[in-house]
Amino acid sequence: MTEPLEPVTEKDRRDELAANLEAVERRIGDACAAAGRDRSEVTLVVVTKTYPASDVRLLAGLGVRNVAENRDQEAAAKAAECSDLPLTWHFVGQLQTNKVRSVTDYADVVHSVDRGRLVTALSSAAQRQGRELDCLLQVALDKEAGGGEAPAGAGRGGVAPDAVLELAEQVRAAPRLRLAGLMTVAPLAGPFAGRPGAAFERLMEISRSLRTLEPTANMVSAGMSSDLEEAVAAGATHVRVGSAVLGVRPRLR
Ligand SMILES: *Cc1c(COP(=O)(O)O)cnc(C)c1O
């Protein structure tokens with residue numbers, strides 16, 4: 001794997017991150033203004049996957065308070081190195097049940113809850129650790145035509161829209177888990193491929209039906225570097241931005 005060109009000094013890197021953050025901040029602000037929303041309605045979650053703990057530290061110094069990771073092994077080490085920082089850690093990757101105990105050690109919010117077995121595992125880990133965990137159900141909008149829960153290891157994970165409320169009931173019934181809302185990644189296939197705005201509108205529709213069940217489950221995590229404007233326009237409360245802040249990631253295996 002070739003290393004990306006990194007700025008040489010820590011100050012260079014800080015300047016680069018500051019400039020990128022400012023640009024993203026401007027995009028979110030403009031998108032809020034265009035949608036008639038208050039800027040405070042949208043939380044920026046910076047996705048730091050593949051980037052080192054030193055970047056997380058610089059980001060915290062620049063005022064970032066929410067960071068996200070998608071792989072437990074990398075996240076656990078980074079969170080441990082950064083445990084002195086005032087950060088909320090979000091887990092946004094596909095989660096295997098055997099990683100749950102580790103993830104609940106550092107994560108405050110899990111965005112990728114997509115099956116009953118995971119709910120059970122998260123709840124027992126949270127009980128064992130005596131802590132409360134915010135859970136978002138990851139919705140797979142390319143599974144619109146039914147099909148129930150995501151088969152293990154399939155695609156990017158996520159529960160089919162028609163199975164969301166059933167899974168929501170499971171989270172609600174699980175000790176130490178708080179049903180916080182929904183998350184999605186704009187699908188690459190199916191009717192929403194290439195239409196992030198329409199995908200996020202659909203997520204908002206599902207969010208409205210979720211809130212008839214649980215009015216406080218009002219988090220909507222949607223939008224990344226390429227489609228945060230569409231997400232803010234639709235009503236997202238959390239945007240997950242990686243490359244626009246940290247730079248384009250080296251290709252993963
Ligand atoms: C990597 C990742 C992001 C950020 O993507 P960018 O395109 O780099 O902004 C957001 N959400 C999830 C689930 C991710 O894995």
Side-chain angles (χ1 to χ4, degrees), residues 1 4 6 16-17 19-28 31 42-52 55-56 59 62 64-76 78-79 87-96 99 103 106-115 118 134-143 150 153-159 180-189 192-197 199-200 203 219-234 236-253:
M1 192 162 78
E6 292 286 337
E16 180 178 69
L17 292 176
N20 290 348
L21 266 180
E22 202 178 300
V24 166
E25 192 46 58
R26 195 172 324 117
R27 286 176 61 190
I28 297 172
V42 180
T43 299
L44 169 63
V45 180
V46 178
V47 184
T48 48
K49 65 187 182 198
T50 78
Y51 286 95
D55 279 349
V56 176
L59 289 167
L62 292 165
V64 168
R65 289 296 171 264
N66 290 273
V67 294
E69 289 284 331
N70 74 334
R71 293 200 305 186
D72 172 59
Q73 204 177 359
E74 177 186 346
K78 231 180 272 184
L87 291 169
T88 296
W89 289 82
H90 299 251
F91 191 85
V92 300
Q94 274 190 272
L95 184 49
Q96 294 165 285
K99 304 286 189 196
V103 167
Y106 56 85
D108 305 288
V109 191
V110 175
H111 291 227
S112 44
V113 177
D114 63 359
R115 57 199 192 277
L118 191 52
D134 278 0
C135 293
L136 304 185
L137 308 184
Q138 180 177 351
V139 183
L141 293 169
D142 50 1
K143 293 180 188 152
R156 304 160 102 174
V159 61
L182 301 179
M183 178 273 233
T184 205
V185 176
L188 298 171
F192 293 114
R195 302 167 62 221
F200 300 147
L203 185 71
M219 277 178 68
V220 179
S221 167
M224 321 200 302
S225 294
S226 61
D227 53 21
L228 72 86
E229 282 83 1
E230 286 89 344
V232 170
T237 63
H238 290 69
V239 292
R240 310 177 308 270
V241 180
S243 50
V245 172
L246 289 135
V248 176
R249 290 177 295 276
R251 230 182 156 69
L252 294 176
R253 295 167 288 283

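Residue numbers run from 1 in the order of the sequence given. Numbering of ligands and ligand atoms starts at 1, following listing order. Just the heavy atoms: all of them, side chains too, but no hydrogens, waters or symmetry mates, feed the values below.
The closest approach between any non-hydrogen atom of Arg249 and ligand 1 is below 4.0 Å.
Applying the side-chain contact (heavy atoms from CB on, under 4.5 Å) rule to Glu74 yields the partners Lys49, Glu69, Arg71, Lys78; only residues at least two apart in sequence or on another chain are considered. Residues forming a ring-ring contact (aromatic ring centres under 6.0 Å, His included) with His90 (at least two apart in sequence, or on another chain): His111.
Annotation: Val185 places no N or O atom under 3.5 Å from an N or O atom of ligand 1; distance criterion only.
Of the listed residues (Lys49, Arg240, Met224), the one carrying the non-hydrogen atom nearest atom 2 (C) of ligand 1 is Lys49. Taking each of Gly157, Ser225, Ala186, Ser112 in turn, the one with a heavy atom nearest to atom 9 (O) of ligand 1 proves to be Ser225.
Listed by atom number, the atoms of ligand 1 under 4.0 Å from Val241 heavy atoms are 9 (O). Heavy-atom proximity to Val92, at under 4.0 Å, picks out these atoms of ligand 1: 12 (C), 13 (C).
Of all non-hydrogen atoms in Val47 and Leu246, the two that sit nearest each other are O-CD1, 3.1 Å. Taking both residues in full, the closest heavy atoms of Leu44 and Asn66 are given as O-CB, 3.6 Å, listed atom of the first, atom of the second, then distance. In this structure, Gly223 and Phe200 approach most closely via the heavy-atom pair N-CZ, 3.7 Å.
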